[in-house]
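Worksheet: the structure to be examined is printed underneath.
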Amino acid sequence: MDVNPEIRDRILAAAGQLFEQSGRKELPTVDAVRKLSKTSMNDASAVMREWRRSQIVSATAAVVSVPEKVSQASAAALSTLWTEAQELANESLNVAQAAWDAERAEAEKLRVELSSAFETQGAELEALKVKIEEVEAKASAAAAAADVERAETVRQVAAFTDQAHTAMARVQEIEKRAEDLKTALSSAQASVASVTADLEAERREHGVTREGLTAASTELVAVKARAEAQGQVQADQAERLKRVEGELTQARGAAATAREEAAQLRGQAEALTTQHAELMRVIEGRAAERPKGGKK
């Protein structure tokens with residue numbers, strides 16, 4: 001078969017290099033030459049067949065010359081001449097037979113090497129196929145797990161976002177209640193101050209009559225009762241304000257925690273999305289590298 005000259009040179013160079021490395025004691029195998037020259041098995045086997053043939057000493061036909069004793073022999077020595085001729089013919093035949101046996105043995109060795117090389121390649125390809133299938137299966141499983149985890153993360157982000165919105169609404173409601181209580185407390189304090197000022201003014205007023213004093217005393221008792229009631233209301237409102245402020249602090253803390261957890265989950269979702277995209281790219285790349293027709 002015709003082999004590209006550049007490929008032939010590479011094969012011959014690789015064969016010569018391996019032959020020299022063995023100390024010219026052992027002919028290199030076809031598979032070793034193929035790997036070193038980085039050529040196909042067909043090209044390597046064709047060129048190696050010629051190269052090995054050139055390394056075998058070709059049997060050359062023995063040049064048979066008329067022996068001196070034959071030319072000098074007489075008719076009486078004809079039987080001796082015939083025997084010598086037969087021996088010479090047999091010697092040439094044996095040389096040719098030895099060369100043929102050597103070439104046939106070399107051809108058989110080449111056939112065995114080729115068969116072994118192809119079997120080795122077949123096993124390597126099968127192992128590679130199994131490994132690729134395992135990698136693809138693991139990648140598919142990882143992609144599916146990433147999809148599930150990403151969906152769960154998105155759900156958690158949505159839940160924490162809703163919790164954060166609810167907490168913020170609760171904070172706004174509590175702040176409004178606190179403002180209302182502060183306003184009511186200020187109004188009660190102003191009312192008590194006004195009543196106290198009126199009472200002090202009446203006490204300092206000169207020329208109060210008995211009836212006016214009695215009425216003032218009655219009014220004082222009523223004012224004290226209202227002041228005590230108002231004071232109790234103020235105490236209740238102050239207690240309620242403390243509770244509201246505590247609830248407000250808790251609600252603000254819950255809202256901050258919900259926002260932090262939502263931010264962390266968003267980061268996890270983004271990381272999972274990136275991992276999923278990378279896994280899909282790897283799977284698509286593996287599928288694109290797989291040769292058509294089931295051959296690799």
Side-chain angles (χ1 to χ4, degrees), residues 1-65 86-142 278-279 281-296:
M1 61 178 295
D2 295 333
V3 180
N4 185 283
E6 189 269 336
I7 295 176
R8 179 185 296 274
D9 292 340
R10 283 161 47 194
I11 295 173
L12 293 176
Q17 180 180 347
L18 293 175
F19 189 42
E20 293 296 333
Q21 289 177 358
S22 68
R24 304 181 67 85
K25 295 180 180 179
E26 183 179 356
L27 297 179
T29 63
V30 176
D31 188 51
V33 173
R34 177 188 64 81
K35 291 180 179 179
L36 182 60
S37 61
K38 298 180 180 180
T39 57
S40 67
M41 181 63 74
N42 290 333
D43 293 340
S45 61
V47 176
M48 282 298 294
R49 188 181 301 111
E50 298 176 3
W51 183 84
R52 285 180 171 177
R53 188 179 296 114
S54 67
Q55 300 302 315
I56 299 175
V57 178
S58 301
T60 59
V63 179
V64 181
S65 60
Q86 284 184 332
E87 291 178 356
L88 291 174
N90 290 334
E91 183 180 353
S92 298
L93 180 61
N94 291 334
V95 171
Q97 184 65 38
W100 165 252
D101 291 341
E103 186 172 356
R104 185 176 62 179
E106 183 62 25
E108 180 63 18
K109 181 180 179 181
L110 180 62
R111 185 191 65 79
V112 172
E113 290 178 358
L114 287 175
S115 177
S116 177
F118 277 113
E119 290 177 358
T120 302
Q121 278 192 336
E124 291 176 353
L125 290 175
E126 187 64 24
L128 181 61
K129 178 181 177 181
V130 172
K131 186 174 182 180
I132 290 175
E133 290 177 352
E134 291 177 353
V135 171
E136 289 179 349
K138 291 180 181 179
S140 299
E278 181 65 19
L279 284 174
R281 185 186 67 78
V282 172
I283 293 174
E284 292 174 357
R286 291 288 186 182
E289 291 175 359
R290 177 178 295 175
K292 297 182 179 179
K295 296 181 179 180
K296 297 186 179 179

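Closest approach of Val33 and Ala15 over heavy atoms only: CG2-CA, 4.0 Å. Between Phe19 and Pro28, the shortest heavy-atom distance links the atoms CB-CD, 4.1 Å. Listed here is the closest heavy atom pair of Arg10 and Ser37: NH2-O, 2.7 Å.
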**Message:** Asp31 vs Thr120, test: side chain to side chain contact (heavy atoms under 4.5 Å, CB included). Steps then yes/no.
**Reply:** CA-CA 10 Å; Asp31 188 51; Thr120 302; 5.7 Å; no
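Distance check, rounded to the nearest 0.5 Å: CD1 of Ile7 to OG1 of Thr39 gives 7.0 Å. Separating the CG atom in Leu128 from the CD atom in Glu133 is a distance of 10.0 Å, to the nearest 0.5 Å. The OG1 atom of Thr29 lies 7.5 Å from the CE atom of Met48; values are rounded to the nearest 0.5 Å. For the atom pair Met41 CE and Lys35 NZ, the distance stands at 8.5 Å (nearest 0.5 Å).
Taking the charged nitrogens against the carboxylate oxygens, Glu278 and Arg281 do have a contact shorter than 4.0 Å, which makes a salt bridge. A salt bridge does not link Arg53 with Glu106: none of the charged nitrogens is closer than 4.0 Å to a carboxylate oxygen.
Partner of Glu113 under the salt bridge (charged side-chain N to carboxylate O under 4.0 Å, His left out) criterion, out of Arg52, Arg34, Arg49: Arg52 alone.
In this structure, the salt bridge (Lys or Arg N to Asp or Glu O under 4.0 Å) partners of Glu20, at least two apart in sequence or on a different chain, are Arg24.
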